[in-house]
Each structure stands twice: as C-alpha cells, then as structure tokens.
Amino acid sequence: MVTHRVVAVVGVAVLCLVGCTPAPVERPSPASAAVTPTPTATPATTETTPSWSAEQQAAVNAVEKWYLIYNEVMRRERNPNDLARAARETALTDAQKTYNQFGMAGLTVEGDITISELTPGEPTKKKRQTVLVEFCEDMTEWSVLDSDGNDTLSLDSKVVRPLVISVEEWPNDGWFVTSTTRGEQSCGGSES
C-alpha cells in the first residue's frame, strides 16, 4: 500500500511535471525550409488538478498535515505535543487520549493510516471559516501491537471507510482539523 508520504511526493512531482512541460513547438522539416510555415493553434492543455478555492486547498493541506503528524506521533517518531500543530478541539483531545491510552497499555503502532479521495466542500462561516473535507481513510496497513508483538486490532477494524473532517481557520494561526464524523461517500466498495 502506498503511504501518504509517497502519495504526497508523487502528487508534487506530477504537478511539477505538468507545470514545467513545454508546449509542443512546430519546427519546419529541412525539406520544407523554403516554405514559410503558417501559424497553427497550440491546443490548450486541460486542467488535471481540481480547481479549488484558496480556503478549500488550505483545508485539504491541513487534513494531509494532520495524518502525517498523527501517524508519526502514534509510532512514537515525533513528540506528542506536535498533534497541536495540526488539530484543535475534539480532534486534538481524542488523539491525545488515544496516544495516552496506547502508552499506558504498552501498545505500539506500526504502519500508516492513509487517506485518499479528498474532496473539500464549500467554505462556510460559523464561529470561524470552516471547510468540510470528505475523504477515504484506509486502516488496512495500520497495526497496534501489544508487548508480545501481536496486533490488537481486529480484522473488522482494518477497513477503508468514508469520513468527513471539519477544518477551521484561526486567523492568526492557520487551518486546523477540529472533528471527524462518518461520511456517506463511496470508498471503492471497501467502506464499513
């Protein structure tokens, strides 16, 4: 399974290639060098990336950042205080609680929870600027191990499921994940 970091790197590479690829240039062949070429229209390239507003893109970036930090913290590769760099409110409280419960039970984490099919909704103004992002969360490569190295997650927990995450903007601090709920979108037939 491709990890979130690999997906992000590949996505950036594709965007760079699309942005840096020169348009085709018509050059006369040596046989037709004496003939003046007539101008031809260069076909317009079709946009391959979604056309999201700045708020929608910021919300998607915040979700990606959250999962990167969450995975690293749960694997104990990063300071648990870093959870607050990407989340606030319920999302932060729940993640801190999970981290502490795992530590107190002597559980360790291997693998990544990966995400795909991120689709931001229209920005709304509630208490703060808010964007709901639908996505698919894949837990099939995530393991929570006991002290003997046995995976404590049941096979029923190792699923791809649809979720909706609320992302809010704090004007002086940026965008943060605040809560997650079950989604209704399709996740390739693997949702539970």
Side-chain angles (χ1 to χ4, degrees), residues 1-16 57-120 128 130-170 172-183 185 187-188 190-192:
M1 176 105 286
V2 178
T3 65
H4 177 65
R5 282 181 272 185
V6 172
V7 171
V9 170
V10 170
V12 170
V14 169
L15 288 174
C16 288
Q57 185 63 58
V60 167
N61 292 347
V63 174
E64 292 173 338
K65 178 181 178 181
W66 168 241
Y67 274 89
L68 175 69
I69 291 173
Y70 184 86
N71 282 318
E72 290 175 353
V73 167
M74 292 302 165
R75 288 192 310 258
R76 301 193 185 281
E77 297 170 355
R78 191 173 186 146
N79 187 309
N81 293 331
D82 286 347
L83 291 168
R85 293 178 180 266
R88 292 197 174 164
E89 297 182 353
T90 305
L92 178 58
T93 303
D94 290 348
Q96 289 169 329
K97 185 186 297 184
T98 299
Y99 178 84
N100 290 333
Q101 289 172 340
F102 282 9
M104 289 176 14
L107 301 174
T108 57
V109 171
E110 284 185 356
D112 284 320
I113 298 174
T114 58
I115 57 174
S116 62
E117 302 177 43
L118 285 82
T119 307
R128 284 176 280 282
T130 303
V131 175
L132 298 178
V133 180
E134 292 183 343
F135 64 100
C136 296
E137 180 185 76
D138 184 343
M139 295 185 63
T140 58
E141 299 298 319
W142 203 59
S143 299
V144 180
L145 308 175
D146 63 18
S147 58
D148 295 326
N150 299 315
D151 194 349
T152 63
L153 291 180
S154 67
L155 288 178
D156 293 345
S157 299
K158 293 183 176 274
V159 296
V160 178
R161 61 185 177 167
L163 295 175
V164 177
I165 202 161
S166 180
V167 186
E168 297 179 38
E169 180 186 25
W170 271 258
N172 296 323
D173 301 328
W175 290 81
F176 294 85
V177 167
T178 56
S179 65
T180 304
T181 58
R182 181 164 174 74
Q185 69 275 19
C187 284
S190 300
E191 66 261 12
S192 72

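Just so it is clear, the model here is predicted, and its values are computed rather than measured.
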Heavy-atom distance under 4.5 Å between the side chains of [X] and [Y], does that happen here?
{"X": "V167", "Y": "W66", "result": "no"}
{"X": "S143", "Y": "K158", "result": "yes"}
{"X": "E117", "Y": "F135", "result": "no"}
{"X": "L118", "Y": "E64", "result": "yes"}
{"X": "R78", "Y": "I69", "result": "yes"}
{"X": "W142", "Y": "L153", "result": "yes"}

Working to the nearest 0.5 Å, report the span between [atom1] of [X] and [atom2] of [Y].
{"X": "I165", "Y": "T178", "atom1": "CD1", "atom2": "OG1", "result": "8.0 Å"}
{"X": "C187", "Y": "E134", "atom1": "SG", "atom2": "CD", "result": "9.0 Å"}
{"X": "D173", "Y": "R85", "atom1": "CG", "atom2": "CZ", "result": "12.0 Å"}
{"X": "D94", "Y": "L83", "atom1": "CG", "atom2": "CG", "result": "11.0 Å"}
{"X": "T180", "Y": "L163", "atom1": "OG1", "atom2": "CG", "result": "6.5 Å"}

Does R76 make a cation-pi contact with Y99, if we ask for NZ or CZ under 6.0 Å from the ring centre and within 45° of the axis? yes
side-chain contact (heavy atoms from CB on, under 4.5 Å) assessment of M74 paired with T98: CA-CA 9 Å; M74 292 302 165; T98 299; 4.2 Å; yes
Can you see which heavy atom on [X] is nearest to which on [Y], and at what distance?
{"X": "S166", "Y": "T130", "result": "OG-CG2, 3.6 Å"}
{"X": "M139", "Y": "S157", "result": "CB-O, 3.8 Å"}
{"X": "V131", "Y": "P120", "result": "CG1-CB, 3.9 Å"}
{"X": "N79", "Y": "V73", "result": "O-CG2, 3.5 Å"}

Take V177 and Y70, measure what side-chain contact (heavy atoms from CB on, under 4.5 Å) needs, and give me the verdict at the end. CA-CA 11 Å; V177 167; Y70 184 86; over 6 Å; no
Taking distance alone, no hydrogens or angles, what donor-acceptor pairs closer than 3.5 Å link side-chain atoms of residues 101-111 to residues at least two apart or in another chain?
none

Has R128 got more than 12 heavy atoms of other residues, nucleotides or ligands less than 6.0 Å from its CZ?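 For R128, atom CZ is crowded (more than 12 foreign heavy atoms under 6.0 Å).
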Any side-chain donor near an acceptor of the partner, D138 and T140, under 3.5 Å: yes
So, Q96 and N100: side-chain donor and acceptor under 3.5 Å apart, yes or no?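 On atom types as modelled, these side chains do not qualify, holding no pair under 3.5 Å.
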Given the rule in the salt bridge (charged side-chain N to carboxylate O under 4.0 Å, His left out) test, do R161 and E137 qualify, once you have shown the distances and angles that lead to the verdict? CA-CA 5 Å; R161 61 185 177 167; E137 180 185 76; 2.6 Å; yes
D151 side-chain N/O to L145 backbone N/O, donor-acceptor pair under 3.5 Å: no
